[in-house]
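Structure, as structure tokens:
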Amino acid sequence: MPDRAPQPVDRQLPTDEARDLISLVRDIAQREIAPKAAEEEDAGRFPREVFTLLSESGLLGLPYDSEYGGGEQPYEVYLQVLEELAAVRLTVGLGVSVHTLASYALATYGSKQQQVEHLPAMLGGGLLGAYCLSEPASGSDAASLRTKAVRDGEDWVITGTKAWITHGGIADFYTVMARTGEDGPRGISAFLVPAGAAGLSAAAPEKKMGMKGSPTAQVHFDGVRVGDERRIGEEGQGFAIALSALDSGRLGIAACAIGVAQAALDEAVTYATERRQFGKPIADFQGLRFMLADMATQIEAGRALYLAAARLRDAGRPFAKQAAMAKLHCTDTAMKVTTDAVQILGGYGYTADFPAERYMREAKVLQIVEGTNQIQRMVIARHLAGPEGR
């Protein structure tokens with residue numbers, strides 16, 4: 001490696017415990033994830049054993065209460081863990097973010113009895129979760145979802161199809177939004193559905209441009225029966241729960257995006273300092289130096305933006321606008337930086353022999369998931385100018 005090889009990100013962490021946590025994550029990432037990442041992504045293999053290890057290491061419940069097996073870490077720290085994981089393999093970083101999203105409803109809105117019964121296994125017992133909001137005909141317009149939950153005595157019977165579900169078919173539990181009342185957002189409730197419930201099945205995973213190791217699938221509910229004790233929050237509160245979860249989830253996507261962008265920048269710097277043309281490293285050419293400088297600046301700005309939003313959240317202050325800004329900026333940055341990394345590597349960047357092309361393919365989905373970047377702009381504009389059509 002050249003003397004100017006990239007160094008690990010110099011993180012500003014609030015405690016010694018957080019610094020030790022980042023060291024643990026980096027060790028696991030380099031020892032258990034990085035060596036197989038490219039091969040397993042190419043083969044479309046989901047690394048369930050890695051998630052088992054992360055669970056055993058206390059890394060699947062970082063922002064939640066230690067009373068239930070969580071790590072009780074501030075979002076400022078949790079998001080930087082996601083960034084470290086995503087920089088090595090987005091399937092893992094995004095997977096942890098989705099699991100955290102799937103656990104959010106119960107951890108935040110569940111009753112004490114529900115939390116005691118379910119959270120320990122969800123946060124540290126090896127289980128993996130999925131979040132079921134989108135449907136084939138309701139993506140950005142999530143309030144128009146059609147999956148129904150009909151009351152039958154002390155049970156609910158859920159019927160419908162969810163789409164674009166990360167971990168669909170391999171999750172151990174599903175946090176499901178279903179219609180229990182009137183049309184629109186006020187008729188939606190949230191349920192915790194075990195993967196083994198009769199009538200629950202998953203379609204074949206989607207064939208995707210990137211993140212091939214992370215299964216994304218439709219999940220079908222054919223008369224799935226769950227007890228009322230698995231309803232989370234009040235009847236009709238589900239859409240509010242879903243939106244609240246997404247505010248936090250968007251920060252997870254932002255952190256993952258910066259992780260991918262950082263990995264692409266590191267690859268570009270390493271290549272540019274090693275590759276020689278016209279008798280000198282290509283990093284000595286001003287055109288490439290300026291590209292690298294712009295890439296690094298965009299990444300630092302994105303990191304600062306998501307951490308600022310996280311600190312608002314940790315302080316109990318409103319952060320929805322800043323979360324939307326972070327998701328928008330960080331994912332656009334990831335797309336731009338990974339594209340530039342491919343350009344810097346030239347023909348090699350377009351081949352699977354180098355990871356730049358994988359980073360570029362993976363970055364694209366981050367502009368889409370958990371609210372497209374067009375939706376983020378709508379959210380930000382509402383905070384600035386109020387609702388449309390007033």
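Computed over heavy atoms, backbone and side chain alike; hydrogens, waters and symmetry mates excluded.
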G168 to A202 - nearest heavy-atom pair and separation: C-CB, 4.2 Å
Do Y306 and E83 make a side-chain contact, defined as non-hydrogen atoms from C-beta onward lying under 4.5 Å apart? yes
For D294 and Q298, run side chain to side chain donor-acceptor pair (under 3.5 Å): C-alpha distance rounded to whole Å, both residues' side-chain angles, the deciding distance at 0.1 Å, then the answer. CA-CA 6 Å; D294 286 345; Q298 291 160 6; 5.5 Å; no
Under a side-chain separation threshold of 4.5 Å, the hydrophobic residues clustered together with M335 are V342, M360
Which pairs pass salt bridge (Lys or Arg N to Asp or Glu O under 4.0 Å) with one or both residues in residues 90-114, sequence neighbours excluded? E67-K112
Donor-acceptor list for residues 350-358 side chains, cut-off 3.5 Å, not counting sequence neighbours:
| residue | atom | partner | partner atom | Å |
| --- | --- | --- | --- | --- |
| T351 | OG1 | Y348 | O | 2.8 |
| T351 | OG1 | D353 | N | 3.4 |
| E357 | OE1 | R361 | NE | 2.8 |
| E357 | OE1 | R361 | NH2 | 3.2 |
| E357 | OE2 | R361 | NH2 | 3.3 |

Give me the other members of the hydrophobic cluster that I165 sits in, counting Ile, Leu, Val, Met, Phe, Trp and Tyr linked by side-chain heavy atoms under 4.5 Å, directly or via other members. W156, I158, Y174, V176, F191, V193, L200, V219, F221, V224, V226
Salt bridge K212-D42, side-chain N to carboxylate O under 4.0 Å: no
Determine the minimum heavy-atom distance between Q115 and G110, stating which atoms define it. NE2-O, 3.3 Å
If the threshold is 4.0 Å, N to carboxylate O, is there a salt bridge linking D314 and R311? no
For the residue pair Y104 / T175, report whether a side-chain donor-acceptor contact shorter than 3.5 Å exists. no
Hydrophobic clusters join Ile, Leu, Val, Met, Phe, Trp and Tyr when side-chain heavy atoms are under 4.5 Å apart, directly or via other members; which others share one with L328? L305, M325, I380, L384
Who passes side chain to side chain contact (heavy atoms under 4.5 Å, CB included) against A308, sequence neighbours left out? none
Single hit among D332, D247, N373 for side-chain hydrogen bond (donor to acceptor under 3.5 Å, both in side chains) with K327: N373
Count the heavy atoms of every other residue, nucleotide or ligand shown that sit under 6.0 Å from CZ of R31, and state whether that count exceeds 12. yes
Using the side chain to side chain contact (heavy atoms under 4.5 Å, CB included) rule, pick out the option among M295, R275, E267 that qualifies with I344. M295
